[in-house]
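Have a look at the structure below before the remarks.
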Amino acid sequence: MNIYLNGNLLTTSAQTLSDLLKEQNIDCTVVATAINGDFVPRHVYETTAVTEGSKIEILSPMQGG
């Protein structure tokens, strides 16, 4: 299926947000995510479905001042 990941079109076979993070080699413990503009709490990554056309944002904290 095709989704948008941080604004870029991506083809994925991931069925859940957790699967997508693993597929993209992203450590789920250090990022925040949103699907179609809605924040997704980390404790539901395993059960949050990724669907065709989803717009997923993955944000990581920045250090510095």
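In this chain, numbering begins with 1 at the start of the sequence shown.
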Would a hydrophobic clustering, with Ile, Leu, Val, Met, Phe, Trp and Tyr connected at side-chain separations under 4.5 Å, put Val30 with Val44?
yes
Counterpart residues, side chain to side chain contact (heavy atoms under 4.5 Å, CB included), relative to Glu23 (two or more places apart):
Thr12, Ser13, Ala14, Leu20
Main chain of Cys28, side chain of Arg42: is a donor-acceptor contact present, judged purely on distance under 3.5 Å?
yes
Leu5 vs Gln24 side-chain heavy atoms within contact, under 4.5 Å
yes
Keeping Asn36 on the side-chain end and Ser54 on the backbone end, is there a donor-acceptor pair under 3.5 Å?
no
Taking only residues two or more places apart in sequence or in another chain, which ones pass side chain to side chain contact (heavy atoms under 4.5 Å, CB included) with Asn8?
none
So, do Val40 and Tyr45 sit near enough that their side-chain heavy atoms are less than 4.5 Å apart?
yes
Which atom of Glu46 lies closest to which atom of Ser18, heavy atoms considered:
OE2-OG, 2.9 Å
Any side-chain heavy-atom pair of Leu59 and Thr33 under 4.5 Å
no
Do you know the tightest heavy-atom contact between Val31 and Ser60?
CG1-CB, 4.2 Å
Please name all residues satisfying side chain to side chain contact (heavy atoms under 4.5 Å, CB included) with Asn2, sequence neighbours left out, ordered by chain then number.
Leu9, Thr11, Glu52
Stepwise, does the side chain to side chain contact (heavy atoms under 4.5 Å, CB included) test hold for Thr48 with Thr16?
CA-CA 5 Å; Thr48 300; Thr16 67; 5.9 Å; no
Show the numbers, then the answer: is there a side chain to side chain contact (heavy atoms under 4.5 Å, CB included) between Val50 and Met1?
CA-CA 9 Å; Val50 173; Met1 84 180 91; 4.2 Å; yes
